[in-house]
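First comes the structure, then the notes that go with it.
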There are 2 protein chains.
Amino acid sequence: MVAGVTLSDVARHAGVSQATASRVLNGSARVPGEDVANRVRAAAAELGYFPNAQAQALARRTSGLLGLVVHDIADPYFSTIALGVQRAARARGMQTLLASTERDPEAEREAVEAFIAHRTDGLILVGSRSHEFESDAALTGALRPYLDRGGRVVVVGQPLGTGGCVAPRNAEGSAALAGALISAGHRRFAVLSGPAHLRTAVDRCAGFTRALSGHGFRPEAVVAGEFTRDGGYLAAGDLLPLIGVPEAPAPLCVFAVNDVMAIGAIARWRAMGLEVPRDLSVAGFDDIPTLGDHSPSLTTVRLPLADLGDHAVRLLFAGADGGTVPAAARLDVDTTVVIRESTDLGRWRGSGRR
Amino acid sequence: MVAGVTLSDVARHAGVSQATASRVLNGSARVPGEDVANRVRAAAAELGYFPNAQAQALARRTSGLLGLVVHDIADPYFSTIALGVQRAARARGMQTLLASTERDPEAEREAVEAFIAHRTDGLILVGSRSHEFESDAALTGALRPYLDRGGRVVVVGQPLGTGGCVAPRNAEGSAALAGALISAGHRRFAVLSGPAHLRTAVDRCAGFTRALSGHGFRPEAVVAGEFTRDGGYLAAGDLLPLIGVPEAPAPLCVFAVNDVMAIGAIARWRAMGLEVPRDLSVAGFDDIPTLGDHSPSLTTVRLPLADLGDHAVRLLFAGADGGTVPAAARLDVDTTVVIRESTDLGRWRGSGRR
DNA sequence: ACCCTGACGGAAAGCGCATTCCCAAACCTA
DNA sequence: TAGGTTTGGGAATGCGCTTTCCGTCAGGGT
């Protein structure tokens, strides 16, 4: 920290009491007379006074801090949500404390504890919850006392058993995608899924598969990879045998449970001479910003990412600022299927010609 | 903020003084006896004690906070740097305060002031400085007292006239790119530049142009756009007349001063039926993560983005932790030219055939 | 038996600010 | 003019913690 001019310095310099200086320099309920106020403001400006937010937090019992925990800030999914959160926080005059856990549950817990220690007014956890018992249990354990004391928590992903939740309709979105693909004429499917413990990956995979079976189809394969670009790249290899099936009635259509995996998979296939959608179709999930500029442009399920962040902040403080009724602890977010080039059957060259 | 169990609660519960509890719960120089320490730790665990970081900051005169100001956290350039910063901060046990200014100098100044108020131990400003006098002057004005009191500031981009600086060798990188392109056989050039007030844009443009003239070439056009994907998309239109020149000896090679602009430009051209590198060549700058998976893969000048963040943190605290000699206030970062498909002359279809 | 030295706990003074009281002066009503 | 009511400012307390300063007690040397 950096020592600074204190409020009492300003007060002395302005020839008033500290209380008065305090009242002038931050819209207190009691506003001193105009002349005195001006003297104080002048003194503050002259001395280069900056209030000490730590001391204010201590005295006010409010830090004005918002904790944001993401799995990987360099991933466009998270950084776009972070943009929304940061924007909403700034609109409320709050500062954002960021932690990127690099997908380590342990790091996530540590970040949460650090943020609790910093007495953040609210905590937003972004990223799929896990099915692994320990990790979420440790998290809720750390969160419990925080919540009991009036702390606010919102998770973007799946509910944590506590706190609010902004929940994308993953299963519904995947199902809608499956329906759209079938309508478009697709007949052969595979799923590039994520880690089995990630609920987002599981939900999307299950939604897709269930919708498929509702139409009498089933995926020819479900392979799992890391939830990242590299995970998609690696797992894509397992699907190779399914791609060039002779006399197939339709190309293989691969649903990658998120966009970055889809991009990785396409890269892998391209490296092996396969082109999308010439040789197979690919669809993703999220609609991260750059996706439309990708070549081929990627069919996906759009999530309003920046809005997600905004919603999370809104939900966090629902009922806190004059709102009479605390809003629902859960906000389900609708998705939109976006059909693009990567599933264009018209550009399939047909397995027969291979 | 959220009220919590206080240290004195713990002390009372453990039957010791507050001083002792404090000494136990955070590696003080003086370590109490083992039995007492255990009593205190047990009490803390039982009560669910979390230290109040605000109060600690006040008493210790160190907040353990690192301020990070970026232009746009959703831009992969910034989010990747943010990853590096965040990682380095965590390694030092510090928390990261994030502000995304949405490229508004006013917002940048406000963020800096807020961070100063929060008594961050260090401040990292990422993003090109401006040639516009007012904005940087306002910033240095706010920074001056902070620095005078021992505050630390590092800018990633160009020096701010104060504080440290991690400076990518923009001009050199662009020049190297120009040289490589000429060696590869390129003969016709244009520059998709950024806003005239952004020093990064200007430096890259100038470095490229200067190197070109060193080889007897000059850009056929220099058009400016916003420093974003959309900026590239829009500005790309101005280059259309230059692309299909009949009987040209070589395709037009467009240097976009950053990758996201290049991506936007390619999208624009593709929308008009033009393909890269079939109809023209494109090169960017930065080597943002997804670039290799883009189609065509994009020739660019690689900047070690995550390392930039790491360097910034290191520079920030150089000499502060046992290091005897404060390191240089400036760290120049080398770049690497990466040639990929987007400038592949072999895939040019030739202007004659248009 | 004595003094000196360390080791160990506790009391208390802040860190910089918000805020509750309290007091004096000014204002109003009758 | 007297009483009551605002109004504007200051003194002082406390937010939760660190840290200096003291006091006490045990141990060791002579």
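Each chain gets a letter, A, B and so on, in the order its sequence line appears, and its residues count up from 1.
In plain terms, the two heavy atoms of Ala43(B) and Ala14(B) that are nearest each other are CB-CB, 3.8 Å.
In terms of phosphate contacts, Ser17(A) brings a side-chain nitrogen or oxygen within less than 4.0 Å of OP1 or OP2 of dG10(D).
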Are any protein N/O atoms closer than 3.5 Å to N/O atoms in nucleotides 18-25 of chain C? If there are, list each pair with its distance.
residue	atom	partner	partner atom	Å
dA18(C)	OP1	Asn26(A)	ND2	2.8
dA18(C)	OP1	Gln56(A)	NE2	2.9
dA18(C)	OP1	Arg60(A)	NH2	3.3
dA18(C)	OP2	Ser22(A)	OG	2.6
dA18(C)	OP2	Asn26(A)	ND2	3.2

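Distance alone, capped at 3.5 Å, places no donor-acceptor pair between the Asp307(A) side chain and the Asp310(A) backbone. Proximity of a side-chain donor or acceptor of Asp75(A) to a complementary backbone N or O of His71(A) within less than 3.5 Å is not detected. Of the possible donor and acceptor atoms, none in the side chain of Arg109(B) sits under 3.5 Å from a partner among the backbone N and O of Ala138(B).
The CD atom of Gln54(B) lies 10.5 Å from the CD atom of Gln56(A); values are rounded to the nearest 0.5 Å.
Whole-Å rounding puts the Arg61(B) CZ to dT18(D) P distance at 13 Å. Look at CG on Leu58(B): it is 12 Å from P on dC17(D), rounded to the nearest Å. The interatomic distance linking Asp35(B) (CG) with dA7(C) (P) rounds to 17 Å, in whole Å. When rounded to the nearest whole Å, the span between CZ of Arg119(A) and P of dG16(D) equals 8 Å. Rounded to an integer number of Å, the gap from Arg149(B) CZ to dC15(C) P is 16 Å. Note: CG (Asn52(B)) to C1' (dG16(C)) measures 14 Å, nearest angstrom. Distance, Arg12(A) CZ to dG16(C) C1': 13 Å, rounded to whole Å. Rounded to an integer number of Å, the gap from Asp9(A) CG to dC15(C) P is 11 Å.
Taking 4.0 Å as the cut-off between side-chain N and carboxylate O, Asp35(B) and Arg39(B) do not count as a salt-bridged pair.
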